[in-house]
Amino acid sequence: MRLMMQPKVVYPTDSHGQFCGQQGTPNANKAILFYFNILQCANPAVLINLQCPTTQLCVSKCPDRFATYLDMQYNYRYNKSYWEYYRQFCKPGFDNPRKVLRLICQNICLCVSVLQRCFPDFITRNGTLTVANKTVFKDGLGKTRSVIDLRDAANLLDAKEVGMKIFEDYANSWYWILIGLVITMVVSLAFILLLRFTAGVLLWLIIFGVIAVVGYGIWHCYWEFSTLRGKPHGDGDVTISDIGFQTDFRVYLQLSQTWLIFMICLSVIEAVIIIILIFLRRRVRIAIALLKEGSRAIGYIMSTLFYPIITFVLLAICIAYWAVTAVFLASSGDAVYKVMSTPDKCVYANLTCDPETFSQTNVTKVCPGSQCTFAFYGGESLYHRYIFVLQLCNLLVFLWLVNFTIALGQCTLAGAFASYYWALRKPQDIPSCPLFSSFSRAVRYHTGSLAFGSLILAVVQMFRIVLEYLDHKLKGAHNAFARFLICCLKCCFWCLEHFIKFMNRNAYIMIAIYGKNFCTSAKDAFFLLMRNVVRVAVLDKVTDFLLFLGKVLISGSVGVLAFFFFTRKIPVIQEEVPSLNYYWVPLLTVIFGSYLIAHGFFNVYAMCVDTLFLCFLVDLEVNSGSAARPFYMSSTLRQILDKKNSKRRKDKRERGR
């Protein structure tokens, strides 16, 4: 049947393990699950047994009134329709209202259907929470309970209403959300292409701006220091040691010694920045030149900006595969029934049972009122005992596939940008369809290397997940040494993961350049970077800062524009703004989506800069500028490094034309 083809945990099941709404069964027209006593769902046993320890029925609709089984017995004599309504919430087959039992029928309250389950319909009147105008009611055991207990058990107060309003806001504003995301794409593309002209200006403005701000801080600290020292009877001569520790830190700002310390610290920072600029000015110029060259490369290979869409699709497939496999593993097996009793003092509680023979066993005599109810889908076979291990294997495969997808994208982009760098005459010597050619090479020749590097990273990430799980389990423990050891291991594996990510990225670039295996490429990339560690540090920080600035500027600008639009503060298009319940719903969607789009564009740009940088380092070490081994770097980089290509090579190119 169609329903059975779906994962079993998606649909509600009654106490007999039957699906609600399944065609071809007595529950075909009963798609909603009703709980006899929803207060029992707050029992801690739910977390162990994965099932609420109360009778559950499939019904066609939720109760629309508040009634008790005592009311039913009383009204049965005078109003037969009362019983006809009430009986649909009793166990199937029961047809004797005069002998109704608590185990067969229960109290019912006014409910609403949420996620195909009946939950109490809470309404707040004059600040008081009510259900059907009642604040107290009788539970299945005859005890008086408050609506607060019912709310705590259901835990779904106002969830449906808020969800419907959010869905309505998305339905009314999706068109404008897409326009905002398209604007983000255009602005991100323009920002990257303009970096060839603005990278140097932006970076030097930021550097001199930082110097100016620190300089102003030094002057302000000196002015405060001089003012406090000049007071005849002020607190300027009082030292920090005289007043000791104070919770009000504003007290320290009244001391001249505090401003003297600030001034000395800022002076040291200013001196360090100036000295670094003096000694690293050439490397900063190289970093700027590579940023400009990266912008120029993307301008020639525009298709690379849209490769993240392919990565996104592949990642979505990986996530879908993992989720479907995990759900089917969790729901595989036959229906398992367990003994449920109220209260939980029965010696047979939580033991497996057979509903067909349960009434003939001794359990009903030892534990009056106990029931054999459906718990979960599983079994006692060897396969079911290793479900947890299979879930871990599924998680490891998921991490492996995700890392492989990312590695494939990095190698593909690196191959495309490497073909740009090693073209002596740009753009004439750039091969046609460089992105498709690079993708074909990566899939055909480098799949094993990418899979091996991805597996190493996946294993480290798996260890981190296990450590996070152990740390979560040990939070309530009093063993300080164990928690300290777990914390140290988490820190070490975090560093190891980021180091492997860095090395894998550069190894994939070397694979794209030379086509060697993963281990050889990783070794070559590591020693190449170590021989140029200062250049690596400067370029990495400069690139990270500019890209972070670009992401913040783009997502922030689009977010401000969206805020003014959705709050009707743009008079020109005020009438076009849709009516919204929560304007922050499309606003946050636009901001978050803008950041993701900018992040995708700038990831391509960062990969471009890293590839060109490694090609540049290889170019410096392998080539000499002679006719046989000319430099492939741009003329700007050659001028910065005072490198020249042989004129004889140029004459040959001119004659070849």
Side-chain angles (χ1 to χ4, degrees), residues 195-197 199-200 281-302 304 411-435 437-438 441 445 506-516 520-521 523-536 538-539 542-543 605 607-657:
L195 276 178
R196 73 176 75 176
F197 308 108
R281 63 187 186 279
R282 175 179 287 185
R283 290 178 174 83
V284 173
R285 292 174 62 197
I286 292 174
I288 294 173
L290 285 171
L291 289 171
K292 292 181 177 179
E293 194 68 17
S295 175
R296 192 175 292 110
I298 288 180
Y300 288 126
I301 315 176
M302 294 281 289
T304 54
C411 189
T412 299
L413 293 173
F417 294 126
S419 64
Y420 165 83
Y421 185 92
W422 298 114
L424 191 59
R425 295 178 302 164
K426 301 178 180 65
Q428 292 87 346
D429 292 343
I430 300 176
S432 58
C433 303
L435 183 66
S437 301
S438 178
R441 289 195 302 271
Y445 299 110
N506 291 281
Y508 299 148
I509 295 175
M510 296 299 287
I511 289 173
I513 296 174
Y514 287 108
K516 298 180 180 179
T520 303
S521 299
K523 181 194 69 174
D524 294 343
F526 177 76
F527 287 112
L528 180 64
L529 295 175
M530 289 300 100
R531 291 193 295 269
N532 300 272
V533 64
V534 178
R535 287 174 176 167
V536 172
V538 172
L539 178 71
V542 169
T543 305
Y605 181 69
M607 195 67 200
C608 176
V609 174
D610 290 345
T611 303
L612 296 181
F613 179 60
L614 281 185
C615 292
F616 165 73
L617 296 180
V618 172
D619 195 10
L620 279 177
E621 293 189 355
V622 173
N623 299 318
S624 59
S626 63
R629 292 188 300 173
F631 290 116
Y632 287 82
M633 67 186 72
S634 64
S635 58
T636 305
L637 287 171
R638 291 201 301 267
Q639 291 174 3
I640 295 173
L641 298 172
D642 196 20
K643 302 286 186 180
K644 296 181 180 179
N645 276 336
S646 172
K647 292 184 178 179
R648 187 178 303 173
R649 179 76 181 181
K650 293 182 180 180
D651 295 340
K652 288 182 179 180
R653 290 206 307 269
E654 292 295 333
R655 289 196 297 269
R657 293 180 184 176

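What's counted below: heavy atoms across the whole structure, side chains too, no hydrogens, waters or symmetry copies. These numbers were taken from a predicted model, which means no experiment stands behind them.
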Kindly write out the residues that satisfy side chain to side chain contact (heavy atoms under 4.5 Å, CB included) with [X], not counting sequence neighbours, or none if the list is empty.
X	result
Ala512	Cys411, Ala414
Phe526	Phe499, Met503, Met530
Asp429	Ala423, Leu424, Arg425
Val622	Tyr514, Val618

- Task: Could you list the residues that satisfy salt bridge (Lys or Arg N to Asp or Glu O under 4.0 Å) with Asp524, not counting sequence neighbours?
- Result: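 Listed in chain order: Lys516.
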- Item | Lys644: salt bridge (Lys or Arg N to Asp or Glu O under 4.0 Å) partners, not counting sequence neighbours |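 Listed in chain order: nothing, the list is empty.
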Test side-chain hydrogen bond (donor to acceptor under 3.5 Å, both in side chains) applied to [X] - qualifying residues, sequence neighbours left out:
X	value
Arg531	Glu621
Tyr605	none
Ser624	Ser626
Ser437	none

- Task: Check the pair Ile511 / Tyr445 against side-chain contact (heavy atoms from CB on, under 4.5 Å), numbers first and verdict last.
- Result: CA-CA 10 Å; Ile511 289 173; Tyr445 299 110; over 6 Å; no
What I'd like to find out is whether the side chain of [X] reaches to under 4.5 Å of the side chain of [Y], using heavy atoms alone.
X	Y	result
Phe616	Tyr421	yes
Leu413	Cys608	no
Ile509	Asp610	yes
Tyr632	Cys615	no

- Stepwise side-chain contact (heavy atoms from CB on, under 4.5 Å) test for Leu620 and Arg535: CA-CA 13 Å; Leu620 279 177; Arg535 287 174 176 167; 3.4 Å; yes
Measure from the side-chain N and O atoms of [X] to the backbone N and O of [Y], and report whether any donor-acceptor pair falls under 3.5 Å.
X	Y	answer
Ser438	Leu435	no
Asp619	Phe631	no
Asn506	Ala525	no

Can you measure from [atom1] ([X]) to [atom2] ([Y]) and round to the nearest 0.5 angstrom?
X	Y	atom1	atom2	answer
Met607	Ile298	CE	CD1	12.0 Å
Leu617	Asn532	CG	CG	4.5 Å
Ile288	Thr636	CD1	OG1	11.5 Å
Ser295	Leu290	OG	CG	12.5 Å
Leu637	Ile286	CG	CD1	7.0 Å
Thr611	Tyr508	OG1	OH	13.5 Å

- Message: To check you understand the geometry: which heavy-atom pair defines the closest contact between Ala507 and Ser521, and what is its length?
- Response: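 Where Ala507 meets Ser521 most closely, the heavy atoms are O-CB, 3.6 Å.
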- Return the minimal non-hydrogen interatomic distance between Val536 and Leu529, and the atom names on each side.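 In this case the closest contact between Val536 and Leu529 is CG2-CD2, 3.6 Å.
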- Query: Pairs in or reaching into residues 289-299: which pass salt bridge (Lys or Arg N to Asp or Glu O under 4.0 Å), with residues at least two apart or in two chains?
  - Reply: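 Listed by first then second residue: Glu293-Arg296.
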- Cation-pi between Lys426 and Tyr420: NZ/CZ under 6.0 Å from ring centre and within 45° of the ring axis?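 Yes.
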